[in-house]
K.L.:
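Below you will find the structure I want to go over with you.
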Amino acid sequence: MNDEHVLPMVDISLLESADVQDRMAVARQLDRACRDVGFLYIRGDQLNPQLFAQLVETAKTYFAQEDAIKLRSYIGYSENHSGYVPIGEEQFGSGTFDLKEAYDVNYDYLAEDGRRPLLGPTLWPDMPGFKSAVQAYYQHVRTIGRQIFGAFALALNLEEHFFDAQLRHSPSQLRLIHYPFNAAAQDASGIGAHTDYECFTLLFPTAPGLQVLDKNGAWLDVPIIENTMIMNIGDMMEILSNGRYLATKHRVKRVSEERYSFPLFFSCDYDYVIRPVVEGEKPRYQALKGGEHLYNQTAQTFSYLKKKVASGEVQLTNAVPLDSFGMNTAGESA
Ligand SMILES: O=C(O)CCC(=O)C(=O)O
Ligand SMILES: [Fe+2]
């Protein structure tokens, strides 16, 4: 742990080294950070700041458009849960909603065979430059995500390419999120406390606002550090690692300035069954099908999907409550 920052900082540059000892050294640091906190900063020579800047400009231009234009690409019209998410669409628990709007992009799967509820052609908005900027960022960060999967394999004493066969068309989602600033808003949360559902998340925010629940149940502000990403463990890596790494709860409180953030949630292939993969340990988690878990959790929060479930158009199998993973710590409502 690096004492200069509130979260550990791991430099992943050497994941591109040809020497496995170098890659192993990064894997050890990653392992340590994920066991201690489950949230960390990532930096590395691989990160291309130009693609990050281009994504911010694209998001600003997109969200500045009128609602009627944005709603033409409403997520409820898509085949694979992609598109524009207006304020109020996502609802947690007792009817509360987050003060944010988003554009969700999924793996743009064009083949006819093998489509799943979260795997199909992405719904793109009719805005010049949007698709190319977003795809360039997606491919870039996806490449970094694959390197990190390799490091997790090493950290868990698996063959380095263990996850490769499960990452062919994974429905890893990129969200472009806009948190508008409203000085008059009382205490509207930007995004309520939750764990992410996938293996891990790489987040790029433009302003502070993110808070992480620490082991004592206190909310920790996560400052922005230039040219770094924030990484966290999700439900599926908690299972794969048999609880060695825990999905850490986080939230965004009412923002004090306009904010954009871009999480890319790394999942494995839709049909891959997620179960503890660590050798020689008694499994502490039940297996679940990755894509099914993602869809089930999504269908419990998006109002267009909730309506489909209520009308019987969509049936969920093996759904678990939203708060099934991560630490159960007192003081969460603080
Ligand atoms: O905007 C952020 O900083 C966090 C977003 C987040 O946690 C999420 O979308 O799951
Ligand atoms: Fe999250």
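All values reported here derive from a predicted model rather than from experimental measurement. These numbers come from the heavy atoms of this one structure, side chains and all, not from hydrogens, waters or symmetry mates.
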K.L.:
For the residue pair Q166 and I274, establish whether any side-chain heavy-atom pair is separated by less than 4.5 Å.
P.N.:
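Answer no - side chains too far apart.
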K.L.:
Does the side chain of P121 reach to within under 4.5 Å of the side chain of R115, using non-hydrogen atoms?
P.N.:
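Sidechains of R115 and P121: in contact.
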K.L.:
Would you tell me whether N318 and H293 have side-chain atoms, one donor and one acceptor, within less than 3.5 Å of each other?
P.N.:
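No donor-acceptor contact under 3.5 Å links the two side chains.
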K.L.:
Enter the distance from S170:OG to L118:CG here, rounded to the nearest 0.5 Å.
P.N.:
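These two atoms lie 12.0 Å from each other.
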K.L.:
Please table the atom pairs, donor to acceptor, closer than 3.5 Å between any side-chain atom in residues 61-73 and protein atoms at least two apart or in another chain.
P.N.:
residue	atom	partner	partner atom	Å
T61	OG1	E57	O	2.9
Q65	NE2	Y62	O	3.0
K70	NZ	F63	O	2.8
K70	NZ	Q65	O	3.4
K70	NZ	E101	OE1	3.0

K.L.:
According to salt bridge (charged side-chain N to carboxylate O under 4.0 Å, His left out), does anything in residues 153-166 pair up with another residue at least two apart or in another chain? List the pairs.
P.N.:
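Non-adjacent pairs meeting salt bridge (charged side-chain N to carboxylate O under 4.0 Å, His left out): R23-E160.
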K.L.:
Grab the two heavy atoms, one from P283 and one from P276, that are nearest each other, plus how far apart they are.
P.N.:
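Looks like CB-CG, 3.9 Å.
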K.L.:
Tell me the closest heavy-atom pair linking L305 and H81, and the distance in Å.
P.N.:
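Heavy-atom minimum between the residues: CD1-ND1, 4.1 Å.
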K.L.:
Using side-chain contact (heavy atoms from CB on, under 4.5 Å), reason through S261 and T206 one step at a time and then give a plain yes or no.
P.N.:
CA-CA 6 Å; S261 83; T206 61; over 6 Å; no
K.L.:
Mark yes or no for whether R259, through its side chain, and A207, through its backbone, hold a donor-acceptor pair below 3.5 Å.
P.N.:
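Indeed, once roles are kept as given, a pair shorter than 3.5 Å links the two residues.
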K.L.:
Is there a path of hydrophobic side-chain contacts, each under 4.5 Å between heavy atoms, that joins W124 and L51?
P.N.:
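Result: no, two separate clusters.
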K.L.:
How long is the straight-line distance from CD of Q211 back to CZ of F39, given to the nearest 0.5 Å?
P.N.:
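The distance works out to 11.0 Å.
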K.L.:
side-chain contact (heavy atoms from CB on, under 4.5 Å) between V37 and L7: does it pass, once the steps are laid out?
P.N.:
CA-CA 8 Å; V37 195; L7 299 175; 4.0 Å; yes
K.L.:
Contact between D108 and K131 at the side-chain level, heavy atoms closer than 4.5 Å - yes or no?
P.N.:
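A side-chain contact under 4.5 Å exists here.
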K.L.:
Just verifying a value: how many Å separate L174 CG and Q135 CD, rounded to the nearest 0.5 Å?
P.N.:
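Going from the CG atom of L174 to the CD atom of Q135 covers 11.0 Å.
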K.L.:
Hey, are the side chains of V314 and Y295 touching, using non-hydrogen atoms and a 4.5 Å cut-off?
P.N.:
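V314 reaches Y295 side chain to side chain.
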K.L.:
State, yes or no, whether a side-chain contact exists between Y84 and E89 at a heavy-atom distance under 4.5 Å.
P.N.:
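Side-chain contact under 4.5 Å: no.
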K.L.:
Does the plane of the ring in F266 sit parallel, tilted or perpendicular to the ring in F200? Use 30° and 60° as the thresholds.
P.N.:
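F266 vs F200 ring planes: parallel.
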K.L.:
Over all heavy atoms of both residues, which pair between T58 and M127 is shortest? Give the atoms and the distance, please.
P.N.:
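The answer is O-CE, 3.7 Å.
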K.L.:
Is the backbone N or O of V10 less than 3.5 Å from a side-chain atom of Q29, with the two atoms forming a donor-acceptor pair by type?
P.N.:
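Side chain of Q29 to backbone of V10, a donor-acceptor pair under 3.5 Å: no, none is there.
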K.L.:
Nearest 0.5 angstrom please: H140 NE2 to N48 CG, how far?
P.N.:
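Result: 5.0 Å between the selected atoms.
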K.L.:
Does atom CG (D19) have a neighbourhood of more than 12 heavy atoms from anything else shown, all under 6.0 Å?
P.N.:
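Counting other residues, nucleotides and ligands, CG of D19 exceeds 12 neighbours.
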K.L.:
Side-chain heavy atoms nearer than 4.5 Å, only ILVMFWY residues, links allowed to pass through others: does that put F265 and L210 together?
P.N.:
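Shared cluster, no.
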K.L.:
Please report the closest heavy-atom contact between L176 and A59, naming both atoms and the distance.
P.N.:
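Minimum heavy-atom separation between L176 and A59: CD2-CB, 4.4 Å.
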K.L.:
Is there a side-chain contact between P263 and L202 in this structure, where contact means two heavy atoms from C-beta onward sitting under 4.5 Å apart?
P.N.:
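No, side chains not in contact.
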K.L.:
Does atom CD (Q286) have a neighbourhood of more than 12 heavy atoms from anything else shown, all under 6.0 Å?
P.N.:
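No, CD of Q286 has 12 or fewer neighbouring heavy atoms, counting only those of other groups under 6.0 Å.
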K.L.:
Start with the C-alpha distance between L40 and L30, add both sets of side-chain angles, then the distance that settles side-chain contact (heavy atoms from CB on, under 4.5 Å), and finish with yes or no.
P.N.:
CA-CA 9 Å; L40 57 146; L30 188 70; 4.0 Å; yes
K.L.:
When you compare the side chain of F262 with that of L203, does any pair of heavy atoms fall below 4.5 Å?
P.N.:
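Not touching, per the 4.5 Å side-chain cut-off.
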K.L.:
To the nearest 0.5 Å, tell me how far D196 CG sits from N232 CG.
P.N.:
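Output value for this atom pair is 4.5 Å.
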K.L.:
Mark yes or no for whether S82, through its side chain, and N106, through its backbone, hold a donor-acceptor pair below 3.5 Å.
P.N.:
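Checking the backbone N and O of N106 against the side chain of S82, no donor-acceptor pair under 3.5 Å is found.
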K.L.:
Honestly curious: do I239 and V273 fall in one hydrophobic cluster under the side-chain, below-4.5 Å linking rule?
P.N.:
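Unlinked, I239 and V273 end up in two clusters.
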K.L.:
When you measure from the side chain of K100 to the backbone of V85, do you find a donor-acceptor pair of N or O atoms at a distance under 3.5 Å?
P.N.:
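Judged by distance alone, no pair lies under 3.5 Å.
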K.L.:
Verify the cluster assignment for L154 and L240: are they in a single hydrophobic cluster under the rule of side-chain heavy atoms below 4.5 Å apart?
P.N.:
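No, L154 does not connect to L240 through the hydrophobic network.
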K.L.:
Go through it in stages, so that I can follow the logic: the residues are I148 and L15, the test is side-chain contact (heavy atoms from CB on, under 4.5 Å), and I'd like the CA-CA distance, side-chain angles, deciding distance and then a yes or no.
P.N.:
CA-CA 8 Å; I148 292 176; L15 289 182; 4.3 Å; yes
K.L.:
Would you check if Y285 and N242 make a side-chain contact, meaning some heavy-atom pair closer than 4.5 Å?
P.N.:
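SC-SC contact between Y285 and N242 confirmed.
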K.L.:
So how far is it from Y41 OH to I224 CD1, rounded to the nearest 0.5 Å?
P.N.:
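The distance works out to 7.5 Å.
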K.L.:
If you look at every heavy atom in T195 and D235, which pair is closest and at what distance?
P.N.:
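Distance-wise, the nearest heavy atoms are OG1-OD1, 2.8 Å.
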K.L.:
Do the charged groups of D31 and R244 touch, with an N to O distance under 4.0 Å?
P.N.:
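Answer for the salt bridge query: yes.
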K.L.:
Taking all non-hydrogen atoms of both residues, which atom of S267 and which atom of F149 are closest, and how far apart?
P.N.:
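So the two residues come closest at O-CZ, 4.3 Å.
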